[in-house]
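Chain naming here is simple, since letters A, B, ... match the order of the sequence lines and numbering starts at 1 in each.
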Amino acid sequence: MAEQQRPFARGFVCGLLVALAVACAYLLFMQEEVDPLVKRGAEILKYGVPERGPAVHYLHNHVLAYDSAKRTPLWVAEHIKSKHLQGPADRKHSKFKPDPSVDPMFTAYDRDYRRSGWSRGHMAPAGDNKFSQEAMDDTFLFSNIVPHDIDNNSGFWNRLEMYCRDLTSRFEDVYVLTGPLYLPTQEGQQKVVKYPVIGENEVAVPTHLYKVVIAERTDTPISMGAFIVPNQQIGYYQNFTIFQVPIEDLEKSSGFKVCPHLDRSKTKNLCEVDSCKLRNRK
DNA sequence: CGGTGTAGTCAG
DNA sequence: CTGACTACACCG
């Protein structure tokens with residue numbers, strides 16, 4: 001029996017060796033042909049790739065990318081359903097504080113905002129997280145906060161956030177992407193980007209805020225709208241389509257593709273499908 | 001003493 | 001709902 005099995009064992013071992021040799025040759029080939037720049041790069045970056053923290057931060061009910069130079073988020077993503085909007089969570093129990101997943105060197109602190117003249121403005125709103133105190137507490141981390149004109153924050157912007165929540169009564173799923181922008185202005189012959197910084201840590205004050213809203217329900221094309229709102233006192237606009245912009249304009253300003261996995265040829269303008277009108281002032 | 005938590009006031 | 005601000009009790 002053992003005598004008869006030996007050729008099989010020999011064949012098996014040989015096959016294994018051949019496979020190993022092929023794999024090694026393939027790996028060497030790949031290294032030589034595809035990775036010369038990366039290989040040299042690894043030598044150049046002997047002491048490491050410059051590091052600014054996690055690319056994406058995952059919280060209980062929102063996801064964000066952080067701008068460690070400006071001490072604000074780059075974008076904050078949410079998925080709102082009506083079930084998230086009811087519950088016992090109360091902002092009285094939440095506290096503004098640094099996000100532990102952000103390096104202390106790169107975070108904003110409460111003292112930066114205090115007496116700065118700018119309010120601490122949520123990107124993912126606290127009111128979208130009534131269902132969970134944990135999720136609401138996460139929205140008070142400074143990774144979700146930008147310096148926001150207080151009149152705009154409690155006025156127009158608040159109404160815009162309420163509109164997004166109200167969408168869940170007409171759409172099953174609402175996806176929102178919110179963040180700050182630093183838009184140039186014309187100064188004589190040239191365009192310049194100019195924005196204040198506040199506090200010891202020089203937290204950047206955005207010139208504008210943006211919001212991308214995607215609303216979905218079965219048997220209706222996906223509805224999408226992008227809005228850019230100046231970070232200053234603005235009046236009450238019942239119809240906020242005046243702040244709507246082509247999504248490509250927002251992408252050019254922000255520097256990233258907003259929804260790379262969404263086929264835009266199949267989407268409809270949110271403001272044509274829904275009203276894009278805020279509720280009455282009182 | 002400086003932090004923390006709570007409560008209340010005020011305003012948009 | 002969105003905030004700022006103040007006062008006070010508590011604790012190590």
Side-chain angles (χ1 to χ4, degrees), chain A residues 59 61-62 64 71-73 76 78-100 104 107-170 174 176-180 196 198-201 203-206 208-211 213 227-240 243 274-282:
Chain A
L59 290 304
N61 198 37
H62 64 278
L64 64 90
R71 287 86 163 102
T72 65
V76 180
E78 293 177 88
H79 171 214
I80 314 174
K81 291 177 79 71
S82 55
K83 65 175 180 183
H84 298 138
L85 305 180
Q86 291 173 358
D90 187 342
R91 52 185 292 141
K92 288 290 171 192
H93 301 137
S94 301
K95 197 187 153 193
F96 290 100
K97 59 184 176 186
D99 185 333
T107 185
Y109 291 87
D110 208 52
R111 59 178 183 273
D112 296 318
Y113 284 82
R114 198 164 295 171
R115 288 181 293 275
S116 71
W118 298 89
S119 69
R120 299 164 292 189
H122 286 69
M123 296 295 91
D128 290 359
N129 298 275
K130 292 285 291 177
F131 75 106
S132 159
Q133 189 67 52
E134 228 174 8
M136 181 177 284
D137 288 351
D138 276 359
T139 70
F140 282 78
L141 301 176
F142 281 113
S143 55
N144 183 50
I145 302 296
V146 309
H148 194 173
D149 177 88
I150 187 168
D151 186 85
N152 185 297
N153 194 357
S154 61
F156 179 84
W157 194 258
N158 185 21
R159 307 303 173 85
L160 185 55
E161 291 172 341
M162 292 167 81
Y163 172 82
C164 292
R165 285 193 282 272
D166 195 44
L167 274 176
T168 62
S169 66
R170 302 185 290 282
V174 176
V176 184
L177 190 78
T178 311
I198 58 171
E200 168 194 353
N201 297 289
V203 182
V205 180
H208 295 72
L209 303 178
Y210 68 84
K211 207 177 258 299
V213 183
F227 307 91
I228 295 182
V229 179
N231 186 12
Q232 59 188 253
Q233 181 170 4
I234 61 176
Y236 173 76
Y237 297 92
Q238 188 185 19
N239 191 322
F240 61 88
F243 297 111
D274 204 74
S275 68
C276 283
K277 281 183 180 172
L278 304 181
R279 291 193 164 182
N280 290 335
R281 181 182 271 281
K282 297 287 180 183

Is the phosphate of [N] approached by [X] (side-chain N or O, under 4.0 Å from OP1 or OP2)?
{"X": "A:R91", "N": "C:dC1", "value": "no"}
{"X": "A:N153", "N": "C:dG3", "value": "yes"}
{"X": "A:H122", "N": "C:dG3", "value": "yes"}

State, without any angle test, whether [X] and [Y] hold a side-chain donor-acceptor pair at a distance under 3.5 Å.
{"X": "A:T168", "Y": "A:K81", "result": "no"}
{"X": "A:N231", "Y": "A:D149", "result": "no"}
{"X": "A:S94", "Y": "A:D137", "result": "yes"}

Write down the distance between [atom1] ([X]) and [atom2] ([N]), rounded to a whole number of angstrom.
{"X": "A:F140", "N": "C:dA4", "atom1": "CZ", "atom2": "P", "result": "9 Å"}
{"X": "A:M136", "N": "C:dG3", "atom1": "CE", "atom2": "C1'", "result": "14 Å"}
{"X": "A:D166", "N": "C:dT2", "atom1": "CG", "atom2": "C1'", "result": "17 Å"}
{"X": "A:D90", "N": "C:dT2", "atom1": "CG", "atom2": "C1'", "result": "14 Å"}
{"X": "A:H148", "N": "C:dC1", "atom1": "NE2", "atom2": "P", "result": "18 Å"}
{"X": "A:D149", "N": "C:dA4", "atom1": "CG", "atom2": "C1'", "result": "13 Å"}

Practice task
For each nucleotide in nucleotides 7-12 of chain C, reading 5' to 3', give B when a protein heavy atom comes within less than 4.0 Å of its base, S when such contact involves only the sugar-phosphate, and - otherwise.
Solution key: ------
Exercise for the section: May I ask you to say what A:K130 touches in the nucleic acid, namely base, sugar-phosphate or nothing, with a heavy-atom cut-off under 4.0 Å? Expected result: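 Sugar-phosphate contact only - A:K130 comes under 4.0 Å of backbone atoms but never of a base.
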Practice task
For A:G155, answer base if it contacts any base atom (sugar-phosphate contacts may also be present), sugar-phosphate if it contacts only those atoms, and nothing otherwise; contact means non-hydrogen atoms under 4.0 Å.
Solution key: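 No contact.
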Handout entry: Output field: ring centroids A:F227/A:H208 closer than 6.0 Å
Key =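 No; A:H208 has its ring centre 6.0 Å or more from that of A:F227.
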Just the atom pairs and distances: protein N or O near nucleotides 3-6 of chain B's N or O, under 3.5 Å.
| residue | atom | partner | partner atom | Å |
| --- | --- | --- | --- | --- |
| B:dT4 | OP2 | A:K95 | NZ | 3.0 |

Practice task
Apply the test side-chain contact (heavy atoms from CB on, under 4.5 Å) to residues A:N61 and A:E78: give CA-CA distance (whole Å), side-chain angles for both, the deciding distance (0.1 Å), then the verdict.
Solution key: CA-CA 7 Å; A:N61 198 37; A:E78 293 177 88; 5.8 Å; no
Exercise for the section: Answer yes or no: are there more than 12 heavy-atom neighbours, outside A:K277 itself, under 6.0 Å from its atom NZ? Expected result: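 No.
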Exercise for the section: Fit a plane to each ring of A:H79 and A:H84, take the angle between them on a 0 to 90° scale, and name the class: parallel (under 30°), tilted (30 to 60°) or perpendicular (over 60°). Expected result: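 A:H79 vs A:H84 ring planes: perpendicular.
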Handout entry: Residue met sooner reading DNA chain C from 5', once A:A89 and A:R120 are mapped to nucleotides
Key =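 Its nearest nucleotide being more 5', the pick is A:A89.
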Handout entry: Student check: side-chain heavy atoms of A:F243 and A:L160 closer than 4.5 Å
Key =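 Counting from C-beta outward, A:F243 and A:L160 never come under 4.5 Å.
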Problem - Among A:V203, A:L209, A:N153, side chain to side chain contact (heavy atoms under 4.5 Å, CB included) partner for A:V146 - result: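 Testing each of A:V203, A:L209, A:N153 against A:V146, the sole residue satisfying side chain to side chain contact (heavy atoms under 4.5 Å, CB included) is A:L209.
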